[in-house]
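Right, one structure below, let's go through it.
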Amino acid sequence: RIIELCHQFPHGITDQVIQNDMPHMDAQRRAVAINRLLSMGQLDLLRSNAGLLYRIKESQNARVLGPNDSKVICANICVCSGEIQLKPDQSICKPNLPLTEINKILKNLESKKLIKAVKSVAASKKKVYMLYNLQPDRSVTGGAWYSDQDFESEFVEVLNQQCFKFLQSKAEAARESKQNPMIQRNSSFASSHEVWKYICELGISKV
């Protein structure tokens with residue numbers, strides 16, 4: 001079916017096109033299918049403004065790709081949600097592919113600005129690679145609570161103190177209103193939006 005799609009779109013197809021056409025097929029199965037077609041030399045892997053493209057090879061006598069071909073690795077990164085993690089004892093292509101060969105290919109892909117290495121808060125001792133034009137998810141960067149893999153404990157503590165101060169002032173104002181207990185109780189509550197607005201007005205956070 002992937003070959004048929006490539007014939008329908010001779011200029012190339014993206015992984016999204018394949019996903020839309022075959023929504024029942026998960027990312028792992030797509031990766032296996034695309035890698036097989038690449039290794040058999042039936043597809044070309046290209047880069048365009050829209051991202052990575054798969055295009056049918058014009059020549060039927062195309063070269064058969066080796067197990068250490070960068071196209072296979074790049075296809076893995078593209079299909080697997082734009083992100084991979086390499087373990088020293090695990091190859092994303094074939095079990096017998098040495099880590100040194102993978103590192104050479106990854107450096108080559110980095111130099112061509114096809115992929116990039118990002119720091120992951122969940123795996124500080126591992127390198128995480130993703131497509132060059134993608135932004136890492138908060139599960140990788142840690143979001144606002146982390147800076148270069150370091151947990152911003154002082155920043156969190158300041159926010160903690162200011163949130164407590166705001167909630168405490170709401171509770172005190174409610175008690176001083178001298179209204180019936182139910183109204184006092186409800187007026188002492190604060191929504192997350194109110195807390196956010198208060199923090200923004202203080203100017204203690206840039207995020």
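What you are looking at is a predicted structure, and each value in this text was computed from that prediction instead of being measured.
- Salt bridge annotation for Lys197-Glu194: absent, with no cationic side-chain nitrogen under 4.0 angstrom from a carboxylate oxygen.
- Hydrophobic cluster membership differs between Leu53 and Met130, with clusters built from Ile, Leu, Val, Met, Phe, Trp and Tyr side chains linked at under 4.5 angstrom.
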task = Run the numbers on Ile2 and Arg30 for side chain to side chain contact (heavy atoms under 4.5 Å, CB included), then give the verdict.
result = CA-CA 9 Å; Ile2 293 174; Arg30 290 200 309 276; 5.9 Å; no
request  = Report the C-alpha distance between Leu46 and Leu52 in whole Å, list the side-chain angles of each, state the deciding distance to 0.1 Å, and finish with yes or no for side chain to side chain contact (heavy atoms under 4.5 Å, CB included).
outcome  = CA-CA 6 Å; Leu46 308 171; Leu52 293 178; over 6 Å; no
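- Note that CZ of Arg185 and CZ of Arg175 are 14.5 Å apart. Values are rounded to the nearest 0.5 Å.
- Applying the ring pair (Phe, Tyr, Trp, His ring centres under 6.0 Å) test to every pair with at least one member in residues 157-178, sequence neighbours left out, gives these pairs: Phe166-Tyr198.
- Under the 4.5 Å side-chain heavy-atom criterion for grouping Ile, Leu, Val, Met, Phe, Trp and Tyr, Tyr132 is not connected to Val118 through any hydrophobic cluster.
- Checking Asn180 against Gln184 by side-chain atom types alone, no donor-acceptor pair falls below 3.5 Å.
- Atoms CG and CG, on Leu109 and Leu114 in that order, are 5.5 Å from each other to the nearest 0.5 Å.
- The CD atom of Gln8 sits 9.5 Å away from the SG atom of Cys6 when rounded to the nearest 0.5 Å.
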task = In sequence, state the C-alpha distance, the side-chain angles, and the governing distance for Ile183 and Asn186, and then conclude on side chain to side chain contact (heavy atoms under 4.5 Å, CB included).
result = CA-CA 5 Å; Ile183 294 177; Asn186 291 339; 5.9 Å; no
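- When hydrophobic clusters are built by joining Ile, Leu, Val, Met, Phe, Trp and Tyr residues whose side-chain heavy atoms come closer than 4.5 Å, directly or via intermediates, Phe9 is grouped together with Leu38.
- Residues Leu43 and Ile56 meet the side-chain proximity criterion, which asks for heavy atoms closer than 4.5 Å.
- Ile199 and Trp196 fall into different hydrophobic clusters, where Ile, Leu, Val, Met, Phe, Trp and Tyr residues are linked whenever their side-chain heavy atoms come under 4.5 Å apart, directly or through other members.
- For the atom pair SG of Cys200 and NE2 of His193, the computed distance is 9.0 Å after rounding to the nearest 0.5 Å.
- For the residue pair Glu157/Gln161, the side-chain donor-acceptor check at 3.5 Å is satisfied.
- Counting only heavy atoms from C-beta outward, the side chains of Asn108 and Ile105 never approach each other to under 4.5 Å.
- Applying the ring pair (Phe, Tyr, Trp, His ring centres under 6.0 Å) test to Tyr146 and every residue at least two apart in sequence or in another chain returns Phe151.
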task = Using the side chain to side chain contact (heavy atoms under 4.5 Å, CB included) rule, take Ile18 and Tyr54 through it: C-alpha gap first, then chi angles, then the decisive distance, then the call.
result = CA-CA 10 Å; Ile18 302 173; Tyr54 305 108; 4.1 Å; yes
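- Looking at every heavy atom in both residues, Ala171 comes nearest to Ser188 through CA-CB, 3.9 Å.
- Contact detail for Ile204 and Phe155: the closest heavy-atom pair is O-CE1, 4.0 Å.
- For the pair His24 and Arg29, the tightest heavy-atom approach, listed with the atom from each and the gap, is O-NH1, 4.5 Å.
- Taking both residues in full, the closest heavy atoms of Ala190 and Lys170 are given as CB-CE, 4.1 Å, listed atom of the first, atom of the second, then distance.
- At a threshold of 4.5 Å between non-hydrogen side-chain atoms, the residues Ile34 and Asp15 count as touching.
- Note: Ser205 OG to Glu152 CD = 10.5 Å, rounded to the nearest 0.5 Å.
- For the atom pair NE2 (His7) and CD1 (Ile13), the distance works out to 11.0 Å, reported to the nearest 0.5 Å.
- Between Gln19 and Gln16 there is a side-chain heavy-atom pair separated by less than 4.5 Å.
- For Phe189, there are no ring pair (Phe, Tyr, Trp, His ring centres under 6.0 Å) partners at least two apart in sequence or on another chain.
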